[in-house]
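This report refers to the structure that appears directly beneath it.
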Amino acid sequence: MIANPTLPEARGPLSEAVITALARGSPPEEAPREVRDAEPLGEDLQLALYVCYELHYRGFDGVDPCREWDPELLRLRGRLEDRFLPALRAESPGGTDTAAALGELLVEDPGAYGVSHHLLDTGQWWEMREYLAHRSIYHLKEADPHAWVIPRLQGESKAALVAVEFDEFGGGRGERMHAKLFADLLDGAGLDSRYGHYLDHVPAQTLATVNLMSLFGLHRALRGALVGHFAAAEITTPPGADRLARALTRLGAGAECTRFFTEHIEADAVHEQVMRRDVIGDLLAREPELAADVVLGIQATTFLEDRLAAHLLGSWRAGRTSLRRPLP
Ligand SMILES: [Fe+2]
Ligand SMILES: [Fe+2]
């Protein structure tokens, strides 16, 4: 029996409308004013969107799986996306030069000091555990949002993206799925590895990084952005994964904890090349008009990841939790 997550606690009128509709089996309250007034990257809108998207993954305990295609919920989701996507566009410099956008990610800024640097140098165990709780929202469904794009690609770009996904899903072996390696890491760190367990803990900054993937993955019109996001994620992972594996070792964690990150050091160095050359290269050879969307996917990923990093480091420097409630 698979345990699905329970519905989270609402964070405002929009998330309240969605969660109440799912809990009661009723249509969502019309909320045009709340949608218009909500902060597009804020807690309420991001949670409402996350809950809508989750119906396409595992759903929630006690919620009829048929609600996935409830037209009223889909209409509300569309209104939320009409706030989220323009906010992402507004924060992205834009352009159509995919090589330049990716090139900026290929060389790490020597002066940059991100979350993995902090955790490696001076991070404490409680900060590492918080980081893992944030990332659990995505990594326990790692690569699932990218699978939505497969039917929207053709030829070499489809074949190459599936080759990357094959690795993400463990190369045919359930115990090697990256989501499973992350669950092992959570268990090793004394955290709860049940899917969605930390949903009430994580703030909007974290939810937005996951909602981005669902938004790009679930809309065929945004297939270029999904591919751009995927490439950006693969390019930026290896150096950070190396630091995080060493940070875990420094903090005394065992091999069951470091495996997730060590696996990503080499795998993503290969994935990055496949994504750039075979997936993006072939996609743009077929559909050159998608270049601006590929760039959007890259830039929006950088924007949201930087925003999350600023939140984590700012919280920890101030000596306070980065979560909405501290871990037990
Ligand atoms: Fe992975
Ligand atoms: Fe990867």
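We use all heavy atoms of the structure for the numbers below, so side chains are in, but hydrogens, waters and symmetry mates are not. For the single chain, residues carry numbers from 1 onward in sequence order.
Checking side-chain atoms of Arg67 against main-chain N and O of Ser26 turns up a donor-acceptor pair under 3.5 Å. Without hydrogens or angle criteria, Arg243 side chain to Asp121 main chain gives no donor-acceptor distance under 3.5 Å. For the pair Thr20 (side chain) and Glu16 (backbone), a donor-acceptor distance under 3.5 Å is present. Although no hydrogens or angles enter the test, the distance criterion places no donor-acceptor pair under 3.5 Å between the side chain of Lys180 and the main chain of Glu175. The closest donor-acceptor contact from the side chain of Arg250 to the backbone of Leu120 lies under 3.5 Å. Side-chain atoms of Asp242 do not come within 3.5 Å of backbone N or O of Thr262 as any donor-acceptor pair. In this structure, the side chain of Asp70 engages the main chain of Leu73 through a donor-acceptor pair within 3.5 Å. Using a distance-only test at 3.5 Å, with no hydrogens or angles considered, no donor-acceptor pair links the side chain of Thr206 to the main chain of Val202. Although no hydrogens or angles enter the test, the distance criterion places a donor-acceptor pair under 3.5 Å between the side chain of Arg129 and the main chain of Gly190. Judged by distance alone, the side chain of Thr302 and the main-chain N or O of Ile298 form a donor-acceptor pair under 3.5 Å.
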Walk me through it: do Ser15 and Asp44 pass the test side chain to side chain donor-acceptor pair (under 3.5 Å)?
CA-CA 6 Å; Ser15 49; Asp44 188 30; 2.6 Å; yes
Would you check, one step at a time, whether the test side-chain contact (heavy atoms from CB on, under 4.5 Å) holds for Leu140 with Leu186?
CA-CA 10 Å; Leu140 291 175; Leu186 292 174; 3.9 Å; yes
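In the model, His134 has a side-chain atom that pairs as donor or acceptor with a side-chain atom of Ser322 under 3.5 Å. Judged by distance alone, the side chains of Tyr195 and Asn4 never bring a donor and an acceptor atom under 3.5 Å apart. A donor-acceptor contact closer than 3.5 angstrom links the side chains of Tyr50 and Glu54. In summary, the side chains of Asp61 and Thr6 do not present any donor paired with an acceptor at a separation below 3.5 Å, with no hydrogens or angles considered. Judged by distance alone, the side chains of His118 and Glu127 do bring a donor and an acceptor atom under 3.5 Å apart. A side-chain donor from one of Glu168 and His271 sits under 3.5 Å from a side-chain acceptor of the other. Under the 3.5 Å distance criterion, with hydrogens and angles disregarded, no donor-acceptor pair is assigned to the side chains of Glu130 and Tyr198.
The aromatic ring centroids of Phe216 and His229 lie 6.0 Å or more from each other. Note: His56 and Trp69 meet the aromatic proximity criterion, with ring centroids under 6.0 Å apart. Checked against the 6.0 Å centroid threshold, Trp126 and Tyr131 do not count as a close aromatic pair.
Counted within 6.0 Å of CD on Glu29, heavy atoms from surrounding residues, nucleotides or ligands total 12 or fewer; the atom is thus considered open. Within 6.0 Å of the CD atom in Glu108, the count of heavy atoms belonging to other residues, nucleotides or ligands exceeds 12. Within a 6.0 Å sphere centred on CZ of Phe166, other residues, nucleotides and ligands contribute 12 heavy atoms or fewer. Within 6.0 Å of CZ in Arg325 there are more than 12 heavy atoms belonging to other residues, nucleotides or ligands. In Arg220, the CZ atom is not crowded: 12 or fewer heavy atoms of neighbouring residues, nucleotides or ligands sit closer than 6.0 Å. Within a 6.0 Å radius of CD in Glu266, other residues, nucleotides and ligands contribute 12 heavy atoms or fewer.
With respect to the salt-bridge test (charged N to carboxylate O, under 4.0 angstrom), the residues Glu43 and Arg324 qualify. Under the 4.0 Å criterion applied to side-chain N and carboxylate O atoms, Glu34 and Arg83 are not assigned as salt-bridge partners. A salt bridge does not link Asp82 to Arg79: none of the charged side-chain nitrogens sits closer than 4.0 Å to a carboxylate oxygen.
Applying the salt bridge (charged side-chain N to carboxylate O under 4.0 Å, His left out) rule to pairs touching residues 301-318 yields Arg135-Glu305, sequence neighbours excluded. Each salt bridge (charged side-chain N to carboxylate O under 4.0 Å, His left out) pair with one or both residues in residues 84-97, not counting sequence neighbours, would appear here, but there are none. Residue pairs meeting the ring-ring contact (aromatic ring centres under 6.0 Å, His included) criterion with at least one partner in residues 170-191, sequence neighbours excluded, are His139-Phe182, His178-His264, Phe182-Phe260.
The cluster map of Ile, Leu, Val, Met, Phe, Trp and Tyr, joined by side-chain heavy atoms under 4.5 Å apart, puts Trp125 and Leu244 in the same cluster. Taken together through direct or relayed side-chain contacts under 4.5 Å among Ile, Leu, Val, Met, Phe, Trp and Tyr, Val164 and Met177 form parts of separate hydrophobic clusters.
A heavy-atom distance below 4.5 Å is found between the side chains of Val294 and Leu284. You'll find the side chain of Leu85 reaches within 4.5 Å of the side chain of Leu296, heavy atoms only.
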